[in-house]
K.L.:
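One structure, pasted below without further comment.
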Amino acid sequence: MTTSLPAPDTSAATPATAAASHEAAALRRAARLEALLGDPQSPANPHGIAALCAADSRGEPPAETEQLLTGTGLAAEFVPAEFGGRLTRADLLAKVLRPVFRRDLALGFGFGITSLFASAAVWAAGSARQRERTAQLMLGGGRASIVHHEVAHANAILRDELVATPREGGGYTLDGRKDVIMNAARADAYVVYARTAPERGPRSHSVLLLDPAALDAESVRKLPRIPTPGMRGGLFSGLEFTHCPVPDDALVGRPGEGVTLALRTFQVNRCLIPGVAVAAADTVLRSAVHAASTGRTGPVARRWHKPLAGVFADVLACDAMATVALRALSLLPERAHILAAAVKYVVPDLLREDLEELSTVLGAHGYEHGSPRYGSLDKLVRDLPVAGLGHTGNATCHAVIVPQLRSLAERSWFLSEEPPPELFRSGATLPVLDYRLLGIASGGDFLSASLIGAAGRLAGSRGVGGQMALLSDLAEGFVNELRALRAQCAALPADRAALMDPAVVILSDRYSLIQAAAAVLGIWEGQDGADAFLADPAWAILALSRLAGRLGITVPDLPDSVRQQVLDELVRRYRAGRSCDLDGSELA
């Protein structure tokens, strides 16, 4: 039986009505998917946490749930609307996928989000035929698998690479072995970032789109599945190519364009992973509220106020940063590159810290591996590092940010204009995501400009007392941090090798947290009053105070009322069955 999700309405007459139609359709699809997947805490639900954890323990993909997702046509979410799919904007894609990731991070990766990561190069630079065939494949339920090139400080996923040697008469000969590739065993297309030049540099790699069924069977060997500490559902295996002939029309884009395509398209991945990981953390937070409130007739015990309210504020901050970055891919595609790296670095790190904090609330419940109520903590602790590519993911983000710091200090900070207000407003009219428009670090920083602007608008509240004064003080503290960072970054050496000194890398850490603070302020300012809690400054104050504490910024004393307001909202959402992200959507 199929339960296909509704397609977006493309009949709207104007960009504004089209954008509204896309958002409304995405929210309907998310709600429909939430209902189809059912109560995640129900032991009898074949798509619930207990069933998903059991499949993980067996080292198998959750076949019944994947079958349901296939029946909904969820793979169409990864295909741009212009090619017959449902993908219009990255922020809307995150909303649609959150019901899946709310139940299991590995399920979302294993089912198909990696197909989006693989096909990105095709949407950005593929020929008309390559785009058409890839769209048909994915709309038919097929999977694409990405075969990464090797990077410095590589982990298992990013270690080793394939080499493509040009053949006389056209095409390539492909050689090499890669042991850890997600969904390699069941992929219907391989997108290979292969080395085509021996020297290091921006022209060293090219992208090849391969059809496994069309390859010489004697030249390709599928390697056994690899057991991994996280995402254990049989997702990882390998491929080995030995003098494998590859046709000339397999080349995506131009020869030597692989590194550039990776830099341009991977920023979507870097924004999307944090955006959906927030939903997985939401589940653990709700489990912690359950543990802290079950069996009590009165309010939550005071000792749990700080961790529960604090983690809720962090989740909202992470969602704010991811949401702004995802919207920027549509609104400011040529300038989102640095922000994408910052969000990919900050959000998984904050969520990891939050899981540690929630484990203190869960106590012994945290060891109930695979339980329908509490099994999500243990699984997310294991899966989150895999989703973020661990230390290698952090290193690649630093490699994007660090070389830009001096230029940002000299040409952007306290000089750039603020971004359009639509960047921060839910329901705003935004362009469709176009992979072809994505650029690489342009030297500008629109989000820091919005921080400075917000602090200026709040300056009138300083010294008058109350929560607005607190918010103003915190905003000014981050502006002062940016000012100090500018002085340090302006003095950085021009030598690229020296830039990766650990002392310099720490500057990128500070910068990324400032970006998070700017996103929080931007989202708070962008509220239209429809959500009274988000329009109130309490959540932003608590979120900013926790970010400031991580930076060593002096934090003003917060009145108990701030934390209490945030905790009260968390408990209200838990009891009403609403999510703990910015949307506060209804759950199954």
K.L.:
Which residues pass the side-chain hydrogen bond (donor to acceptor under 3.5 Å, both in side chains) test with Arg129, sequence neighbours left out?
P.N.:
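So Arg129 forms no side-chain hydrogen bond (donor to acceptor under 3.5 Å, both in side chains) with any residue.
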K.L.:
Could you give me the CA-CA distance, side-chain angles and deciding distance for Glu77 and Arg86, then say whether salt bridge (Lys or Arg N to Asp or Glu O under 4.0 Å) is met?
P.N.:
CA-CA 5 Å; Glu77 302 293 342; Arg86 302 194 192 109; 3.2 Å; yes
K.L.:
Show every salt bridge (charged side-chain N to carboxylate O under 4.0 Å, His left out) that has at least one partner inside residues 209-230, sequence neighbours left out.
P.N.:
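Applying salt bridge (charged side-chain N to carboxylate O under 4.0 Å, His left out) to every pair that reaches into residues 209-230, excluding sequence neighbours, yields Arg221-Glu240.
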K.L.:
Could you check whether Ser585 and Ser579, counting side-chain N and O atoms only, form a donor-acceptor pair closer than 3.5 Å?
P.N.:
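Yes, side-chain donor-acceptor contact under 3.5 Å.
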K.L.:
Identify, with sequence neighbours excluded, every residue that meets side-chain hydrogen bond (donor to acceptor under 3.5 Å, both in side chains) alongside Tyr172.
P.N.:
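In terms of side-chain hydrogen bond (donor to acceptor under 3.5 Å, both in side chains), with neighbours along the sequence ignored, Tyr172 is linked to no residue.
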K.L.:
Does any part of the side chain of Leu332, heavy atoms only, come nearer than 4.5 Å to the side chain of Pro419, both counted from C-beta?
P.N.:
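Sidechains of Leu332 and Pro419: in contact.
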K.L.:
Provide the full list of ring-ring contact (aromatic ring centres under 6.0 Å, His included) pairs with a residue in residues 249-283, sequence neighbours left out, each pair given once.
P.N.:
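Matches after skipping sequence neighbours: His148-Phe266, Tyr193-Phe266.
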K.L.:
Is a side-chain donor or acceptor of Glu34 paired with a backbone partner of Ala31 at a separation under 3.5 angstrom?
P.N.:
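Not a single qualifying donor-acceptor pair exists.
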K.L.:
State, yes or no, whether a side-chain contact exists between Phe241 and Leu215 at a heavy-atom distance under 4.5 Å.
P.N.:
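They are in contact (side-chain heavy atoms under 4.5 Å apart), so the answer is yes.
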K.L.:
Sorted by first residue and then second, give each ring-ring contact (aromatic ring centres under 6.0 Å, His included) pair with at least one member in residues 210-230; sequence neighbours left out.
P.N.:
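Of all non-adjacent pairs touching residues 210-230, none passes ring-ring contact (aromatic ring centres under 6.0 Å, His included).
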K.L.:
Please check this pair: side chain of Arg578 against backbone of Tyr574, looking for a donor-acceptor N/O pair closer than 3.5 Å.
P.N.:
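Pair absent, no side-chain N/O of Arg578 close to backbone of Tyr574.
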K.L.:
Do any N or O atoms from the side chain of Ser127 and from the backbone of Gln130 form a donor-acceptor pair under 3.5 angstrom?
P.N.:
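Answer holds: yes.
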K.L.:
Are the side chain of Asp175 and the backbone N or O of His243 linked by a donor-acceptor pair below 3.5 Å?
P.N.:
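The answer is yes, because a donor-acceptor pair under 3.5 Å joins these two groups.
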K.L.:
Sequence neighbours left out, what pairs pass ring-ring contact (aromatic ring centres under 6.0 Å, His included) with at least one residue falling in residues 72-100?
P.N.:
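Only Phe83-Trp123 qualify under ring-ring contact (aromatic ring centres under 6.0 Å, His included).
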K.L.:
Locate the shortest heavy-atom distance separating Ala120 from Tyr435; write the atom from each residue and the value.
P.N.:
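Smallest heavy-atom distance, with atoms named: CB-CE2, 3.5 Å.
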K.L.:
Please name the pair of heavy atoms, one in Leu208 and one in Val252, separated by the smallest distance, quoted to 0.1 Å.
P.N.:
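That would be C-CG2, 4.4 Å.
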K.L.:
Are Val207 and Val192 packed together at the side-chain level, in the sense that at least one heavy-atom pair is separated by less than 4.5 angstrom?
P.N.:
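A side-chain contact under 4.5 Å is absent here.
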K.L.:
If the condition is side-chain hydrogen bond (donor to acceptor under 3.5 Å, both in side chains), which residues does Thr196 pass it with, not counting sequence neighbours?
P.N.:
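With neighbours one apart ignored, the set is Ser206.
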K.L.:
Looking only at side-chain N and O atoms, does His205 offer a donor or acceptor that is under 3.5 Å from a partner on Glu257?
P.N.:
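There is no such pair between these side chains.
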K.L.:
Looking at Arg327 and Glu422, does any basic side-chain N land under 4.0 Å from a carboxylate oxygen?
P.N.:
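Result for this pair is no, no salt bridge flagged.
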K.L.:
Check whether Thr134 reaches the backbone of Arg131 with its side chain - one donor and one acceptor, N or O, closer than 3.5 Å.
P.N.:
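Answer holds: no.
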K.L.:
Compare every heavy atom of Arg436 with every heavy atom of Ala124, then report the nearest pair and how far apart it is.
P.N.:
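Distance-wise, the nearest heavy atoms are O-CG, 3.3 Å.
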K.L.:
Mind running salt bridge (Lys or Arg N to Asp or Glu O under 4.0 Å) on Asp581 and Arg102 for me, showing each step along the way?
P.N.:
CA-CA 11 Å; Asp581 51 27; Arg102 187 171 288 120; 3.7 Å; yes
K.L.:
So, using ring-ring contact (aromatic ring centres under 6.0 Å, His included) as the criterion, who are the partners of Tyr345 when residues are at least two apart?
P.N.:
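Once residues adjacent in sequence are excluded, the partners of Tyr345 under the ring-ring contact (aromatic ring centres under 6.0 Å, His included) criterion are His398.
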K.L.:
Looking only at non-hydrogen atoms, find the nearest pair between Pro385 and Val381 and report the distance.
P.N.:
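Of all heavy-atom pairs spanning Pro385 and Val381, the closest is CD-O, 3.2 Å.
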K.L.:
Look only at the side chain of Ser330 and the backbone of Pro431, and say whether a donor-acceptor pair between them is shorter than 3.5 Å.
P.N.:
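Yes, Ser330 side chain to Pro431 backbone: donor-acceptor pair under 3.5 Å.
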K.L.:
Is Asp383 reaching over with its side chain to a backbone N or O of Asp104, donor-acceptor style, under 3.5 angstrom?
P.N.:
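No.
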K.L.:
What pair of heavy atoms forms the shortest contact from Glu66 to Pro61, and how long is it?
P.N.:
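In terms of heavy atoms, the two residues are closest at OE2-CB, 3.9 Å.
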K.L.:
Determine whether Leu433 and Thr88 satisfy the following criterion, side chain to side chain contact (heavy atoms under 4.5 Å, CB included), listing intermediate values before the conclusion.
P.N.:
CA-CA 6 Å; Leu433 170 68; Thr88 55; over 6 Å; no
K.L.:
Identify the heavy atoms of Leu105 and Ala280 that sit nearest to each other, and give their distance.
P.N.:
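Between these two residues, the closest heavy atoms are CD1-CB, 4.2 Å.
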K.L.:
Would Arg143 pass as a cation-pi partner of Phe111, given that its NZ or CZ must be under 6.0 Å from the six-membered ring centre and within 45 degrees of the axis?
P.N.:
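Yes, a cation-pi geometry holds between Arg143 and Phe111.
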K.L.:
Could you tell me whether the side chain of Ile181 reaches within less than 4.5 Å of the side chain of Phe236, counting heavy atoms only?
P.N.:
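A side-chain contact is absent here, since even the closest heavy-atom pair is not under 4.5 Å.
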K.L.:
Considering residues at least two apart in sequence or located in another chain, which fulfil the side-chain hydrogen bond (donor to acceptor under 3.5 Å, both in side chains) criterion with Asp583?
P.N.:
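So Asp583 forms a side-chain hydrogen bond (donor to acceptor under 3.5 Å, both in side chains) with Lys95.
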K.L.:
Below 3.5 Å, can you tabulate the donor-acceptor pairs from side chains in residues 43-54 to any protein atom, sequence neighbours excluded?
P.N.:
residue	atom	partner	partner atom	Å
Asn45	OD1	His47	N	2.9
Asn45	ND2	Leu37	O	2.8
Asn45	ND2	Asp39	O	2.9
His47	ND1	Thr65	OG1	2.8

K.L.:
Please list all pairs passing the side-chain hydrogen bond (donor to acceptor under 3.5 Å, both in side chains) test where one or both residues lie in residues 314-326, with sequence neighbours left out.
P.N.:
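side-chain hydrogen bond (donor to acceptor under 3.5 Å, both in side chains) check on residues 314-326 returns Arg98-Asp319, Asp314-Arg546, Asp314-Arg550, Asp319-Thr323.
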K.L.:
Please check: side-chain N/O of Ser371 versus main-chain N/O of Tyr374, any donor-acceptor pairing under 3.5 Å?
P.N.:
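Such a contact is found between Ser371 side chain and Tyr374 backbone.
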K.L.:
Under a 4.0 Å N-O cut-off, is there an ion pair linking Asp354 with Arg352?
P.N.:
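Salt bridge: no.
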K.L.:
For Arg254, does the CZ atom sit with more than 12 other heavy atoms under 6.0 Å from it, leaving out its own atoms?
P.N.:
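It does not: Arg254 CZ has 12 such atoms or fewer within range.
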K.L.:
Backbone N or O of Arg373 within a donor-acceptor pair of the Ser287 side chain at under 3.5 Å?
P.N.:
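Such a contact is found between Ser287 side chain and Arg373 backbone.
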K.L.:
Is there side-chain contact between Gln267 and Leu339, with at least one heavy-atom pair below 4.5 Å?
P.N.:
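Contact flag for Gln267/Leu339 side chains = no.
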K.L.:
What residue pairs, at least two apart or across chains, pass salt bridge (charged side-chain N to carboxylate O under 4.0 Å, His left out) with a residue in residues 43-60?
P.N.:
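Non-adjacent pairs meeting salt bridge (charged side-chain N to carboxylate O under 4.0 Å, His left out): Asp56-Arg232, Asp56-Lys379, Asp56-Arg382, Arg58-Glu60.
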K.L.:
Under the criterion side-chain contact (heavy atoms from CB on, under 4.5 Å), which of Val343, Ile401, Ile338 is the partner of Ser512?
P.N.:
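Looking at Val343, Ile401, Ile338, the match for Ser512 under the side-chain contact (heavy atoms from CB on, under 4.5 Å) is Ile401.
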